Amino acid sequence: MSVLLSTSEVRETYEDGLAALRKDFETSGNGSAVVHGRSQLVDEVIGRCYQRLVEQGSVPSNCVAIVALGGYGRSTLFPHSDVDLLFLFKDAKEEASYKDALSRVYLDLWDLKIRASATARTVTECGRFDPENMEFTVSMLDSRFLLGDQELFERVRAKTLPSLLRKSGRTLLARVAESARSRHHKFANTIYHLEPNVKEGPGGLRDYNLACWLALVSQFLQTNTWPDEGSLFEPRLQSELHSAVEFLFSLRAFLHYRNGRDDNLLSWEAQDAAGANGVGIGRHAMQTAQWMRAYFRNARLVAGASIQLLEELPAKKASLTASLSGWRSRRSNGELSVVAGAIVLPKGYATTEYPALLNVFDRMAREDVRLGIDAQRAISQALPILNATEARQSLWPYLRRILTSRHAAAALRAMRDCALLDALIPEFKLIDALVIRDFFHRYTVDEHSFLTIETIHGLRDVTSEWKRRFAEILNEIEKPELLFLSLLLHDIGKGIEGDNHVAASLTSAREVLVRLGLLPEEREAVEFLIQNHLEMSAAMRRDVFEAKVVGAFAERVGTPEMLKMLTLLTFGDISSVNPEAMTEWKAENLWHVYVATSNFLNRHADEERVHGRLDQESAAKFKTLPALLIKDLESFLDGLPQRYLRTYGSEQVLKHLELASRLWQQPVQLVLAPHRNLYELTVVTKDKPFLFATLAGALSAWGMEIVKANAFSNSKGTVIDCFYFKDRFRTLDLNPSEHERLKKDISEVVSGGRSLEHLIRARSGFKGTNRVRVKVETRVTIDDESSAHSTLLEVVAQDRPGLLYRMAEVLAELKCNIEIALIDTEGEMALDVFYLTSSGGKLPQSLQDSVRKALQEKLQHHGQV
């Protein structure tokens with residue numbers, strides 16, 4: 001049985017010392033004093049034990065160097081941190097002779113309830129880098145001599161360790177970086193957790209240590225000498241980091257005392273207690289939410305420093321790809337430079353001029369680059385003299401580009417970290433680093449909002465089938481900026497006191513939308529999405545196969561476009577609650593709701609018609625219109641389905657009205673305009689046989705690929721047809737003069753001045769080039785029940801050039817009148833729905849059979865079946 005080296009006096013000294021440290025901490029809150037004080041107490045215990053061992057003759061005084069490692073080596077022992085020791089021997093013979101005797105020091109520490117971990121190494125062993133145990137080499141970077149043979153220790157510090165770093169330093173850096181990235185990944189690469197871990201989480205003390213290791217080894221490799229501890233970072237950053245680390249020292253010491261163990265989770269209860277005790281802020285009591293913002297401010301600084309150093313290291317050994325990446329990293333974009341993946345502002349950059357300022361974040365959103373710490377600091381310092389009012393009024397064009405770019409979330413986070421987002425959208429300040437406690441959310445409110453945006457942009461890269469379906473919806477949205485703006489603002493009301501955050505978000509968002517200068521219909525769309533951002537989740541909990549449930553939800557949503565945006569908003573919102581929230585099963589339910597509602601909207605598109613005076617909701621859209629024009633508008637709208645008013649905003653409707661008013665001058669009114677990556681052709685004219693087929697055929701003759709179309713007609717026989725098409729051969733893109741030729745051709749074939757067949761022959765050089773990647777089976781479905789006025793024809797087929805023209809031609813030949821055409825494309829699948837009438841009523845059964853047969857024959861002839 002071992003005889004203890006320590007005496008009761010040693011025990012009392014140690015325990016009294018611990019009690020005094022705790023008492024001082026409760027008064028001062030000084031975390032540094034605690035960690036340095038406990039290190040000194042443990043130093044003293046080890047010294048007394050070792051001295052006793054030597055006095056007993058168990059070991060000679062110079063047989064070993066006892067070395068403190070890791071946190072203990074840095075003299076930062078928290079109340080319940082482990083103690084890491086190294087017994088450093090000259091050679092294996094010395095180790096074999098005295099290792100067992102020295103273990104009595106280690107046993108005594110455990111007897112004093114000091115959790116110690118000791119390892120024995122020879123000098124030679126310390127010079128070997130083991131990739132599978134890099135932790136030992138890293139801990140040696142923080143080594144501190146305690147007792148014994150100091151010359152032995154100095155030999156390791158002066159020769160052995162430098163030699164190891166010269167040989168394996170870059171490998172060590174790569175391994176440390178890889179380990180840190182893996183650790184960050186476990187925490188979803190964000191500091192903004194509702195209950196953060198103040199040691200292991202991003203922005204925690206482990207990150208500060210990481211930054212020190214990376215800076216130390218990097219500087220050693222550059223200068224071949226150990227850098228001074230106080231010069232690892234440039235002075236200003238060193239000062240800021242010192243302040244942040246002091247805060248974290250106090251907080252971790254507080255958690256250890258509170259929990260009675262090495263538990264570093266900042267739980268909700270601990271947050272309340274830390275705020276009430278003013279931990280890290282001079283013992284001034286503070287409300288929890290406000291105190292948590294102080295925590296995130298300090299963690300943000302530590303995370304920024306560590307991530308910058310991490311990003312400056314290659315993730316893997318240099319390769320051709322890495323070399324190209326390095327070349328790209330040094331490229332310049334006129335004013336801004338990117339160095340090692342971070343944006344650097346050149347001297348004299350106009351940070352006080354908001355266009356230049358917002359261009360920084362616009363570039364961040366478009367490219368996968370960070371904002372350098374110096375640039376972040378320069379922008380933060382420039383904010384007080386920024387003309388915020390002018391910037392807010394002109395923000396939307398910049399914000400729109402940022403929101404719709406692939407790396408929007410990173411850019412928005414950087415804007416938040418600079419306090420620029422708060423300056424431009426003051427309402428956002430209320431949710432900056434805001435902790436709202438519930439059992440589902442894992443992140444702060446602002447981080448959740450950024451994650452929703454990141455989730456939706458990330459859909460473009462997904463490989464799983466169940467997510468890819470949502471990605472296809474994203475590609476079909478006409479104004480994705482409205483969806484992303486809704487995601488940014490959907491929880492903005494959570495910073496306002498009250499039980500209904502949806503109503504509060506809506507109120508705050510309205511002020512933002514007016515300030516951004518969105519068009520009325522755009523504001524209406526965003527407000528709808530925010531107001532209903534929980535409705536689809538609620539619908540998922542009901543029987544989505546019940547017609548009444550689907551009908552009620554469809555009535556609330558109104559249009560397929562709004563349904564698509566609400567579906568994606570719901571997908572992003574649920575997915576960003578926590579990493580496990582969006583399961584495949586839940587996604588499947590959401591998809592069911594989307595499909596059922598979409599089908600309902602398509603099958604009841606002509607149920608409600610506009611007749612007579614505008615209803616209250618519709619009239620509100622045109623409240624600024626003079627009374628005389630209101631009469632013209634009501635006459636124009638008469639007989640159109642309500643869906644027309646839901647599909648187009650007030651500005652578009654008035655443009656259509658204007659076109660209709662000019663028909664007496666020119667019987668075919670055409671407007672051709674770019675529409676995102678498509679072109680939009682609007683045709684207003686009087687209805688006539690073969691009209692829809694003629695338009696589709698003319699566009700096909702020009703080689704245009706129609707991906708979407710809407711066709712409406714009012715009671716006076718005025719047709720409003722809108723085609724959205726891809727310019728597959730870039731005919732219009734490369735030849736602006738071709739715009740007028742296209743319009744002229746279409747106008748002539750519609751008015752009868754030229755035959756469609758002649759146009760098709762004249763432009764027969766355009767051949768279908770689509771390569772089929774996914775085979776789609778053709779389905780022709782005729783539904784005589786869903787609509788009270790029309791017979792529905794639904795065709796699902798492989799999307800091919802000219803498909804719409806061939807179908808419309810069949811319908812025209814059979815004298816079917818197209819009341820409404822809902823033409824859509826999902827990937828390589830065409831989903832087209834026609835509302836057909838014949839002689840003013842539904843199609844008789846014989847005509848339905850003829851339509852089905854003729855369509856199948858026509859599509860089969862063209863390789864569709």
Side-chain angles (χ1 to χ4, degrees), residues 32 35-36 39 65 67-77 84 86 88 123 126-129 134-146 150-181 203-246 248-249 301-314 339-342 344 370 372-374 376-377:
S32 292
V35 298
H36 297 322
S39 293
V67 180
L69 299 176
Y72 183 37
R74 296 187 296 271
S75 296
T76 55
L77 270 184
D84 292 322
L86 168 66
L88 177 63
V123 172
C126 288
R128 294 175 189 152
F129 176 64
M134 68 165 187
E135 290 80 8
F136 174 73
T137 302
V138 171
S139 70
M140 285 295 292
L141 299 175
D142 293 320
S143 58
R144 176 169 61 91
F145 174 74
L146 292 178
Q150 185 163 1
E151 187 179 339
L152 202 61
F153 173 76
E154 294 300 339
R155 192 195 312 170
V156 170
R157 290 289 297 176
K159 294 184 179 178
T160 309
L161 201 52
S163 176
L164 181 152
L165 291 182
R166 281 191 286 272
K167 184 178 178 183
S168 307
R170 298 195 184 285
T171 304
L172 175 65
L173 284 175
R175 289 299 180 113
V176 168
E178 187 180 335
S179 174
R181 291 187 182 105
L205 284 166
R206 182 73 77 194
D207 266 2
Y208 175 68
N209 297 334
L210 168 73
C212 292
W213 296 328
L214 296 177
L216 179 75
V217 177
S218 296
Q219 290 187 30
F220 177 85
L221 292 174
Q222 290 172 9
T223 63
N224 201 27
T225 58
W226 291 115
D228 293 336
E229 189 178 340
S231 64
L232 291 178
F233 310 102
E234 57 91 11
R236 179 158 185 156
L237 178 59
Q238 186 84 48
S239 174
E240 290 172 349
L241 282 174
H242 176 76
S243 174
V245 169
E246 287 288 310
L248 294 176
F249 275 0
L301 187 63
V302 172
S306 64
I307 290 171
Q308 173 162 324
L309 289 166
L310 271 177
E311 294 294 333
E312 290 174 357
L313 298 171
V339 178
V344 176
R370 293 175 293 107
I373 284 185
D374 290 340
Q376 179 179 331
R377 185 180 294 129

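In this text the structure is predicted, and so the values were computed from the model without any measurement.
- Rounding to the nearest 0.5 Å gives a distance of 12.5 Å between CG of Leu301 and NE2 of His242.
- No side-chain heavy atom of Met134 sits less than 4.5 Å from a side-chain heavy atom of Thr171.
- Between the CG atom in Leu173 and the CH2 atom in Trp213 there is a gap of 12.0 Å [rounded to 0.5 Å].
- In this structure, Ser39 contributes its side chain and Val35 its backbone to a donor-acceptor pair below 3.5 Å.
- More than 12 heavy-atom neighbours from other residues, nucleotides or ligands sit within 6.0 angstrom of CD on Gln238.
- Nearest heavy-atom pair across Leu232 and Ala215 is O-CB, 3.9 Å.
- In terms of heavy atoms, Val67 sits closest to Ser143 at CG1-CB, 3.6 Å.
- A donor-acceptor pair is defined here as one N or O able to donate and one able to accept, closer than 3.5 Å; no such pair exists between the side chain of Ser168 and the backbone of Leu165.
- In this structure, CG in Leu141 is found 6.5 Å from CG in Leu172, a value given to the nearest 0.5 Å.
- Counting all heavy atoms, side chain and backbone alike, Gly70 lies closest to Asp142 at O-CB, 3.6 Å.
- For the pair Leu216/Pro227, a side-chain contact is recorded, criterion being any heavy-atom separation below 4.5 Å from C-beta on.
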Test side-chain contact (heavy atoms from CB on, under 4.5 Å) on Arg74 and Cys212; report intermediate values, then the result. CA-CA 11 Å; Arg74 296 187 296 271; Cys212 292; over 6 Å; no

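- Met140 CE to Arg157 CZ: the interatomic distance, rounded to the nearest 0.5 Å, is 7.5 Å.
- Within the model, atoms OH of Tyr72 and CG of Leu77 stand 6.5 Å from one another, a figure rounded to the nearest 0.5 Å.
- Residues Leu248 and Gly204 come closest through the heavy atom pair CD1-C, 4.3 Å.
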Chi angles and distances behind the salt bridge (Lys or Arg N to Asp or Glu O under 4.0 Å) call for Glu151, Arg155: CA-CA 6 Å; Glu151 187 179 339; Arg155 192 195 312 170; 5.6 Å; no

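- For Ser306 (side chain) and Ala211 (main-chain N/O), no donor-acceptor pair under 3.5 Å exists by modelled atom type.
- When all heavy atoms are compared, the tightest approach of Cys126 to Phe136 is SG-CZ, 4.1 Å.
- For the pair Ile373/Phe233, no side-chain contact is recorded, criterion being any heavy-atom separation below 4.5 Å from C-beta on.
- A side-chain donor-acceptor contact under 3.5 Å links Ser218 to the backbone of Leu214.
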Starting from the C-alpha separation in whole Å, work towards a yes-or-no answer on side-chain contact (heavy atoms from CB on, under 4.5 Å) for Arg166 and Ser163. CA-CA 5 Å; Arg166 281 191 286 272; Ser163 176; 4.2 Å; yes

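- A distance of 12.0 Å separates CG in Asn209 from OG in Ser139, rounded to the nearest 0.5 Å.
- The aromatic rings of Phe249 and His36 sit perpendicular to each other, their planes meeting at more than 60°, with 30° as the lower class boundary.
- At most 12 heavy atoms of other shown residues, nucleotides or ligands fall within 6.0 angstrom of atom CZ in Arg170.
- Taking each heavy atom of Gly169 and Val217 in turn, the nearest pair found is O-CG1, 4.1 Å.
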